[in-house]
Every structure is written in C-alpha cells, then in structure tokens.
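Note sheet for the following structure.
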Amino acid sequence: MTRTVAIVPAAGSGKRLGVRTKKPFVLLKGRPLVTYALKALSSSKHIDGIIVAADRGSVGRLKGLIKRYRIKKVIAVVAGGKTRLGSVKNCLERAGNLFDIALIHDGARPLVSEREISGSIRLARKYGACVTAIPEVDTVKLAAKDMFVKKTLDRSVMYRAQTPQAFRFEIIKKAYCREGRPEATDDSALAEGIGRKVKILEGSFRNIKVTTKVDLKLAEVLL
Ligand code: C5P
C-alpha cells in the first residue's frame, strides 16, 4: 500500500488580487479560499495526510480555519518560504520519510477535482512524475526585452501547467535538494532538471488559479 501526502503551498502574498485580506482567507461564496482545496484533498481516499505552508504571520490563523471547517488529515501547517518553491521545500522537509508519493496542489486552486487528484497519483506511481496541464488555446509569442516579437511558438504542442503535480517521494525530494533553479515556477520543472520524464495528465479549464479579482469572480461562477 502506498502512502500519499498532499502538500499545499498557500503562503503567497496575494498582491495581484489587490485586496487587504491575505489570499488564503479571501472569501469565496462566504468561505475562505484555501478551505476549498483543503476540503477536496481531505475528502479524497487517495490522500493520507496534508501539509500546508502559510506565511509566517498566518500559521495560527490557518490552523484555526482548519479546526473551524473540520478539515481532516492535516498533519502540519508550516511557515512558507520567500518563493513558492521555498514553501514546498519546507513542507517536504516536514513530511520526513513517511510517504511514497507527494501530491503538490496550490492553495489558490479551489476547483480541483477528484479525477485530477487520483489521476495524477496514478501516473506518478507509474511514471515517477506527473503534471496536470491544459492545452494552450492562445497563440504564444516569445518576446524580446524591447517588446518586439522574437518568435511565434507552435501552439499545437503547448500545454499550460497547473496543479496537482504528483511525484514519487524520492524523486521530488532529490529534485528539491538540488540548488540553482530559483526561477522555476513549478515542481515538475525541478523533476525535469534532474533528468526525470514528466507525464502530462490532461486537466480541466475549470481548475483555475485565483490570482486576480477577475479570477475570484470566475471561481464564484464556476463553484
Ligand atoms: O505565485 P503563484 O501564483 O504561482 O503561487 C501559486 C501558489 O503558491 C499559491 O497557492 C501561493 O499561495 C503559493 N505560494 C507560496 N509561497 C510563496 C509564493 C506562493 O506558498 N512564497
């Protein structure tokens, strides 16, 4: 039997949302944003434990929410890092050696489905590393610093990475131990960096990341 830990980075500043409230606590249909992702993960029979990263000043508040909303399976709320990768790294360290699979899911994606949770775990077991992603629908331009187009990329082979991303534990631990990729904005890029092949699970356009006020409105419509 494999044991899976869900790691939830929720320590972002939420500046792009343009509100005073810290992003995890912004209300979405009357409930704090981060509780949606946590509920979805704790309800999954494939998840055995959850570790959340909150910004240093919000650890206590998040623990309070977890109690209030009766979110099960949370092992720890740890202080996040300066970047998303730093936050995930702190969670991985806290997980120790108790788990075979780590599923990483942004606290800012409230609409994750059971299909994405179980599907990414299944592919991580089989291939070692899995990223949920959706096909690109816009034409993508590579821009130069002076804002002239350098090149138009081939959309038909492009995917936009989302979360969940799932990994065999020893792979993601090793990927995170290697220093020198501060620019990476997701976990699977680090797995690629140590030479691992990453399988894509086709995700859903519903599984948006709440970054701006528009996203918040959209999430309200989709929920
Ligand atoms: O910055 P980005 O929008 O990619 O953030 C994705 C997720 O990473 C969010 O859930 C955010 O709270 C989290 N994050 C974090 N620690 C940071 C920055 C972002 O846990 N320092």
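Just so you know, ligand 1 is whichever comes first in the structure, and atom 1 is the first atom listed for that ligand. Only this structure's heavy atoms are used, side chains among them; waters, hydrogens and symmetry mates stay out.
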Would you be so kind as to tabulate the donor-acceptor pairs closer than 3.5 Å made by side chains of residues 125-133, with sequence neighbours excluded?
residue	atom	partner	partner atom	Å
Arg125	NE	Thr2	OG1	3.0
Arg125	NH2	Thr2	OG1	3.0
Thr132	OG1	Pro164	O	2.6

For ligand 1, run through the N/O pairs with the protein that fall under 3.5 Å and put one pair on each line.
residue	atom	partner	partner atom	Å
ligand 1	1 (O)	Arg16	NH2	3.3
ligand 1	3 (O)	Arg16	NH2	3.0
ligand 1	3 (O)	Lys209	NZ	2.9
ligand 1	4 (O)	Lys209	NZ	3.1
ligand 1	10 (O)	Pro9	O	2.9
ligand 1	10 (O)	Gly107	N	3.3
ligand 1	10 (O)	Ala108	N	3.3
ligand 1	12 (O)	Ala11	N	3.3
ligand 1	12 (O)	Gly12	N	2.9
ligand 1	14 (N)	Gly12	N	3.4
ligand 1	16 (N)	Ser87	OG	2.7
ligand 1	20 (O)	Ala10	N	3.3
ligand 1	20 (O)	Ala11	N	2.8
ligand 1	20 (O)	Ser87	OG	3.2
ligand 1	21 (N)	Gly81	O	3.0
ligand 1	21 (N)	Lys82	O	3.1
ligand 1	21 (N)	Thr83	N	3.4
ligand 1	21 (N)	Thr83	O	3.3

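In this structure, the side chain of Glu93 does not engage the main chain of Asn90 through any donor-acceptor pair within 3.5 Å. Put simply, the side chain of Lys23 gets close to the backbone of Val210: a donor and an acceptor are under 3.5 Å apart.
Asp55 and Ser58 are linked by a side-chain donor-acceptor pair at a separation below 3.5 angstrom, with hydrogens and angles left out of the test. With no hydrogens or angles considered, a side-chain donor-acceptor pair links Asp215 and Thr212 at under 3.5 Å.
Nearest heavy-atom pair across Ile117 and Ala40 is CD1-O, 3.8 Å.
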